[in-house]
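Read the structure below first, then the notes.
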Amino acid sequence: MPKNSKVVKRELDDEVIESVKDLLSNEDSSDDAFKKSELMVDDQEDKDADVEEGSDVEDERPAWNSKLQYILAQVGFSVGLGNVWRFPYLCQKNGGGAYLVPYLILLLIIGIPLFFLELSVGQRIRRGSIGVWNYISPKLGGIGFASCVVCFFVALYYNVIIGWSLFYFSQSFQHPLPWDQCPLVKNASHTFIEPECEKSSATTYYWYREALNISSSLSEGGGLNWKMTICLLAAWVMVCLAMIKGIQSSGKIMYFSSLFPYVVLMCFLIRGLLLNGSVDGIRHMFTPKLEIMLEPKVWREAATQVFFALGLGFGGVIAFSSYNKRDNNCHFDAVLVSFINFFTSVLATLVVFAVLGFKANIINEKCITENSEKILKLLKIGNLSQDIIPHHINFSSITAEDYNLVYDIIQKVKEEEFPALGLKSCQIEDELDKAVQGTGLAFIAFTEAMTHFPASPFWSVMFFLMLVNLGLGSMFGTIEGIITPIVDTFKVRKEILTVICCLVAFFVGLIFVQRSGNYFVTMFDDYSATLPLLIVVILENVAVTRIYGIDKFMEDLKDMLGFSPSQYYYYMWKYISPLVLLCLLVASIVQMGLSPPGYNAWIEDTATDEFQSYPTWGMIVCISLMVLAILPVPIVFIVRRCNLIDDNSGSLASVSYKRGRIIKEPVNLEGDDRSLIHGKSPSEVPSPNFGKNIYRKQTGSPTLNTAPNGRYGIGYLMADMPDMPESDL
């Protein structure tokens, strides 16, 4: 080694250090110059401009605190009241356990693939529903607006149901429960049972008269029900406070609102299985009726339930997933949430029919007692001979089997005279076959069963608190489907928008808490969401597979997930799912056309439900709900297709999405992007050195350089870089 080798090495090291210092000292200034040269299109507008993932501004987008919080949010949104009071009814009505077969098949065909699709586009583009479909194709931007309108319609009446649950929750802290017995009416001479209650039942009377104070028709408004108005206000205050800070506030509440219903369901299942008759209910529930399973109506109702159970088309799924990191495994999330939803429905079905089996057993015992007394009277007056009654029968403590034996004997002996005797068969299956759903299940059948529970107030409090939490979880996703797209698009403050949205929804929702409000809930439930959401999801599928390109989308998924999704999804998205959705849309339109538009009105004099057709103005409202929900799609298409909005006006029409940021579409370009640098020629602008925020894929480079901001480190990029293509999503 030469004598002065150490000196030479030291000089070289010093030179390298000085070079690095020079580079670092120039980095900030050159980086700032580059940013200014690129972003000085419109100072005020670009300060507010959204950016794609990878830029410093995008890092300001809220994010979930943990993967568990995100999963609970999606589960809370998808698992709602329908899992408790709709799925058990459909299962019992459409073949019992055999109904699970078409449900699972359709879950695999349309449920999981479409849920995965919405999760993917939301996570990749990191926008709400408006921004996502604007990105895919500006002409289809109306899909996002249509989702917002449907979310608003659904939120209006869904929160009313939460208000009903809050009312029953508040009334559950007393013993006995207020719907345990029919009320007594006193007059000057004597006391008697309320006739409306005597003709129906205590729980039915309490629901229609005490809670809703319902009118006899849709046209009889009857004024506001102040008890329900206060409950509706409380429900909207809860939603507003939970959503005012976005996922930072609602995400924490998810730990309770999403998990508490499972605790209650498990408690009810354990308690229900210990009740007399619960096994009869579960056995009846899951006894497969294979002949019913082959009917087309069963598959249509199963497809509809799958569709709405996962919250497809609402925009809530897209909004929640937009707060994820770009490399999150959304395929795992889609499968996990879908099956959690399914097993929750099965769990709820077990609970419901265990409790209904117990209720049916009580009613059946009462039926046997009453009819045994009738038989004894017939024996005394000589209409029946004592000889036909088996000697071991003891009418004072007769069992169901012995009663059925006596009933069959009398029916054979008195074949012609039997109908005049007025005896009932008292079969527990007959009571279980009386399918109930919706409010009839939650506020009448279930409440009646709970009055027979030991410590009934405790179980009532738990049940209605569970309904409140199930409703709130779905409301959070529904409101997020409104707030997130509007905030992303119009750059308004989330807190102000949330308060305004909740206030407007409360005042519009007052139509649901007048005496005829229950009929309006039925109207909105039947007409505001079903057809519009089907059309929205069909357009979503078409937008991704046909407009954007299914092959390109599969490449984007591979780029985002780090692995290629199964080709199963390719064929589902491209062929099977849109075909099934189209068939479901046609079937729903046909079903709507064949079913007379109307509602079940409660008639006070007879204490029974009576079907009534909608008046003319009611039909106009029904049609208007469907038209208004889907109207944004053709309006936005026509506006974008005919260029009715000037691109120079700073409107949404002139926004173009690029990987890394949003830029204005250059107008009247002269030379090399002269408009991007306020008319300066390329020679007048200093060539920026690439600083720490500039990461590019060099031409011919096989991989992307990693960097702090974003999965691939894509920071601020020149719009005209020849080796940096537009983002594929």
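For this chain, numbers begin at 1 and follow the sequence in order. No hydrogens, no waters, no symmetry mates; every other heavy atom, side chains included, goes into these values. This one's a predicted model, so the numbers in the text were calculated from it and none came from an experiment.
With W64 contributing its side chain and I71 its backbone, the two residues share no donor-acceptor pair below 3.5 Å. No donor-acceptor distance shorter than 3.5 angstrom exists from the side chain of K297 to the backbone of I292, with no hydrogens or angles considered. A donor-acceptor contact shorter than 3.5 Å is absent between the side chain of Y599 and the backbone of N518. Under a 3.5 Å cut-off, the side chain of E118 and the backbone N or O of G313 do form a donor-acceptor pair. Here the side chain of R515 pairs no donor or acceptor atom with the backbone of L212 at under 3.5 angstrom. Panel note: side chain T369, backbone E365; a donor-acceptor pair is recorded below 3.5 Å.
Taking all atoms of both residues into account, the shortest heavy-atom contact from A211 to N225 is O-ND2, 2.8 Å. Nearest heavy atoms, N83 versus P88: O-CD, 3.5 Å. Looking at every heavy atom in both residues, F77 comes nearest to S474 through O-OG, 3.3 Å. Taking both residues in full, the closest heavy atoms of S78 and N341 are given as O-ND2, 3.1 Å, listed atom of the first, atom of the second, then distance. In plain terms, the two heavy atoms of M462 and V264 that are nearest each other are O-CG1, 3.7 Å. The nearest pair of heavy atoms linking P113 to S577 is CB-OG, 4.2 Å.
Shown here are the ring-ring contact (aromatic ring centres under 6.0 Å, His included) partners of F173, two or more places apart in sequence or in another chain: F169. Not a single ring-ring contact (aromatic ring centres under 6.0 Å, His included) links F153 to another residue, sequence neighbours left out.
Side chains of S215 and Y519 form a contact here, defined as non-hydrogen atoms less than 4.5 Å apart. Counting heavy atoms from C-beta outward, S338 and L310 have side chains that approach closer than 4.5 Å. For the pair V84 and P261, the minimum side-chain heavy-atom distance is 4.5 Å or more. By the 4.5 Å heavy-atom criterion applied to side chains, T522 and Y157 are not counted as neighbours.
Counting non-hydrogen atoms of neighbouring residues, nucleotides and ligands closer than 6.0 angstrom, the NZ atom of K366 reaches no more than 12 such neighbours. Heavy atoms from other residues, nucleotides or ligands lying under 6.0 Å from CD of Q181 number 12 at most. Crowding of F192 atom CZ: a count of heavy atoms from other residues, nucleotides or ligands under 6.0 Å exceeding 12. Sparse packing is recorded around NZ of K424, with 12 or fewer heavy atoms of other residues, nucleotides or ligands lying under 6.0 Å away.
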**OP:** Take V335 and I112 through the test side chain to side chain contact (heavy atoms under 4.5 Å, CB included) and record every step on the way to the result.
**Re:** CA-CA 6 Å; V335 176; I112 295 176; 4.2 Å; yes
Original post:
Going through the distances and angles, do Y158 and T478 end up as a side chain to side chain contact (heavy atoms under 4.5 Å, CB included)?
Top reply: CA-CA 10 Å; Y158 204 87; T478 304; 6.0 Å; no
**OP:** Go through the steps for C426 and C367 under the test disulfide bond (SG atoms under 2.5 Å apart), then give the verdict.
**Re:** CA-CA 6 Å; C426 296; C367 175; 1.9 Å; yes
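Taking CD1 of I444 as the start and OH of Y206 as the end, the distance is 13.0 Å to the nearest 0.5 Å. Atom CE of M238 is separated from atom CG of L472 by 4.5 Å, given to the nearest 0.5 angstrom. In this structure, CG on L534 lies 7.0 Å from CG on L581, to the nearest 0.5 angstrom. Between L106 atom CG and L584 atom CG the span is 9.0 Å, to the nearest 0.5 Å. In this structure, the separation between CD on E610 and CD1 on I603 is 4.5 Å, given to the nearest 0.5 Å. L265 CG to T344 OG1: the interatomic distance, rounded to the nearest 0.5 Å, is 8.0 Å.
Counting only N and O atoms by type, the side chains of S460 and Y168 include no donor and acceptor under 3.5 Å apart. Side-chain contact check for N361 and N276: at least one donor-acceptor pair (N or O, by modelled atom type) lies under 3.5 Å. Counted by atom type alone, N469 and S257 present zero donor-acceptor pairs between their side chains at under 3.5 Å. A donor-acceptor contact closer than 3.5 angstrom is absent between the side chains of E196 and S200.
Of the candidates D333, I340, L119, Q74 forms a side-chain contact (heavy atoms from CB on, under 4.5 Å) with just one, namely L119. Of the candidates Y262, F458, W459, W459 is the only one forming a ring-ring contact (aromatic ring centres under 6.0 Å, His included) with F268. For the ring-ring contact (aromatic ring centres under 6.0 Å, His included) with W207, the qualifying choice from W164, W602, W179 is W164, the only one to do so.
Annotation: F506 is not in aromatic contact with W236 [ring centroid separation under 6.0 Å not met]. With ring centers used as reference points, F167 lies 6.0 Å or more from F443. Checked against the 6.0 Å centroid criterion, the rings of F453 and F358 qualify as a close aromatic pair.
Sorted by first then second residue, the ring pair (Phe, Tyr, Trp, His ring centres under 6.0 Å) pairs that include residues 287-306, not counting sequence neighbours, number zero.
Using a 30° and 60° split on the angle between ring planes, F256 and F260 fall in the parallel class, below 30°.
With C182, the cysteine C197 has an SG gap short of 2.5 Å.
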